[in-house]
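I have placed the structure first, in the form of structure tokens, so that the comments after it can refer back to it.
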Amino acid sequence: MLIRPYAYADATPTLKVFFRAIELTARAHYSKAQRAAWADRAGRTIPTWHVARSAADTWVAEVEGRVVGFADLDASGTIDMLFVDPDFARRGIAAALLARPLSTARARGLTRVRTNASDTACPFFLAHGFRIEEQRTVVVRGVSMSHTALVLDLEPEAEAEAEAEADAE
Ligand SMILES: CC(C)(COP(=O)(O)OP(=O)(O)OC[C@H]1O[C@@H](n2cnc3c(N)ncnc32)[C@H](O)[C@@H]1OP(=O)(O)O)[C@@H](O)C(=O)NCCC(=O)NCCS
């Protein structure tokens, strides 16, 4: 698996991953109407999607040349996007992607990273040390849905490195 920065050619495959993850993976937690409102297929085009993805630091995961996931970190230290294709679920792809926003946030000197996680993604973030700040109901294009505001307090880069070295010994 390769994790690399997002480029224009990734717009189409990342949008496909986004739709498939909502349609198939999130089916366990959200109704058809909720998934349709979240995906907003009619409201998204490749150019607008690309502009949105380029507005934040975005990384993609590639397996044998296929884009299978992506994640981002915006200027405020929020992870807005973390999506993995359902065919590649539970193989550690989101975990590998998450390492990039976290290391970038540390390098920027941020002490905290935030995300508003879907009910589907919440267990993933909790497994990675995030803590729940608030459970919310939001209205997305007229449809009510739940999500969870999560935060992760970051250790400074030097401490994270020292800890990784100690773990390796
Ligand atoms: C959330 C998501 C990105 C996780 O991607 P993934 O590549 O399958 O996750 P990983 O394989 O890296 O998971 C690592 C760990 O996270 C936890 N985890 C991930 N998905 C989980 C789930 N559905 N339930 C419980 N724990 C989960 C587990 O601890 C897992 O380790 P394990 O497989 O050894 O048990 C993916 O399920 C997804 O795209 N969901 C739909 C879209 C979505 O909700 N995106 C987030 C928007 S906020």
Side-chain angles (χ1 to χ4, degrees), residues 1-6 10-41 43-44 48-49 52-105 110 112-141 143-152 154 164 167:
M1 181 204 325
L2 171 72
I3 309 288
R4 57 165 178 77
Y6 168 92
D10 300 317
T12 300
T14 51
L15 185 56
K16 187 174 169 194
V17 167
F18 175 78
F19 288 144
R20 280 172 51 78
I22 293 173
E23 189 50 44
L24 300 172
T25 315
R27 190 161 54 185
H29 300 96
Y30 295 94
S31 70
K32 195 173 176 185
Q34 288 172 322
R35 284 180 281 124
W38 182 4
D40 186 26
R41 280 178 184 266
R44 296 186 199 271
T48 58
W49 176 259
R53 301 292 64 76
S54 306
D57 283 327
T58 302
W59 298 267
V60 301
E62 209 180 281
V63 172
E64 291 172 2
R66 174 173 167 190
V67 171
V68 297
F70 65 101
D72 71 2
L73 181 74
D74 75 10
S76 72
T78 297
I79 297 170
D80 185 38
M81 293 270 158
L82 178 65
F83 289 84
V84 169
D85 190 277
D87 285 350
F88 291 82
R90 307 298 290 264
R91 296 192 196 176
I93 288 171
L97 279 163
L98 179 66
R100 295 304 182 97
L102 298 188
S103 62
T104 301
L110 298 178
R112 186 169 277 190
V113 164
R114 295 181 175 279
T115 193
N116 292 317
S118 68
D119 293 350
T120 313
C122 199
F124 167 84
F125 286 109
L126 293 175
H128 287 271
F130 283 71
R131 62 185 163 77
I132 294 177
E133 207 169 45
E134 196 183 1
Q135 268 161 343
R136 299 181 183 142
T137 301
V138 287
V139 177
V140 179
R141 285 171 274 279
V143 181
S144 235
M145 46 201 295
S146 60
H147 76 192
T148 306
L150 295 160
V151 293
L152 176 69
L154 297 173
D167 286 348

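Just follow the structure's listing: the first ligand is 1, and inside any ligand the first atom is 1. By convention here, the first residue in the shown sequence is residue 1. When reading the values below, keep in mind they use all heavy atoms of this one structure, side chains included, and skip hydrogens, waters and symmetry mates.
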*How close does the nearest protein non-hydrogen atom get to atom 6 (P) of ligand 1, and which residue and atom is it?*
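Going by distance alone, atom 6 (P) of ligand 1 is nearest to A94 CB, 3.6 Å.
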Using a 4.0 Å cut-off to any heavy atom of [X], which atoms of ligand 1 qualify?
{"X": "N116", "answer": "48 (S)"}
{"X": "G92", "answer": "10 (P), 11 (O), 12 (O)"}
{"X": "A117", "answer": "48 (S)"}
{"X": "A89", "answer": "8 (O)"}
{"X": "F83", "answer": "39 (O), 42 (C), 43 (C), 45 (N), 47 (C)"}
{"X": "A95", "answer": "12 (O)"}
{"X": "A127", "answer": "29 (O)"}
{"X": "R91", "answer": "11 (O)"}

*Who's closest to atom 35 (O) of ligand 1 heavy-atom-wise, of H128, E23, R90?*
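Considering heavy atoms of H128, E23, R90, the nearest to atom 35 (O) of ligand 1 sits in R90.
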_Selection from L98, V84, L97 by shortest heavy-atom distance to atom 38 (C) of ligand 1_ =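 Comparing heavy atoms across L98, V84, L97, the nearest one to atom 38 (C) of ligand 1 lies in V84.
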*Flag yes if more than 12 heavy atoms outside E64 fall under 6.0 Å of its CD atom; otherwise flag no.*
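Counting neighbours around CD of E64, 12 or fewer heavy atoms of other residues, nucleotides or ligands fall under 6.0 Å, so no.
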*4.0 Å heavy-atom contact, V17 with ligand 1*: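 Contact check V17 vs ligand 1: negative.
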_Pair W49 and F70, ring centroids less than 6.0 Å apart_ =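 Ring-ring flag for W49/F70: true, centres closer than 6.0 Å.
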*asked:* Taking D10 first and then R53, would you say they form a salt bridge - that is, a charged N and a carboxylate O separated by under 4.0 Å?
replied: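 Result for this pair is no, no salt bridge flagged.
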*D87 with R20: basic N within carboxylate O range, under 4.0 Å*: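 Salt bridge: yes.
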_E23 and salt bridge (Lys or Arg N to Asp or Glu O under 4.0 Å): which single residue from K32, R35, R41 fits?_
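So the option named by the test is R35.
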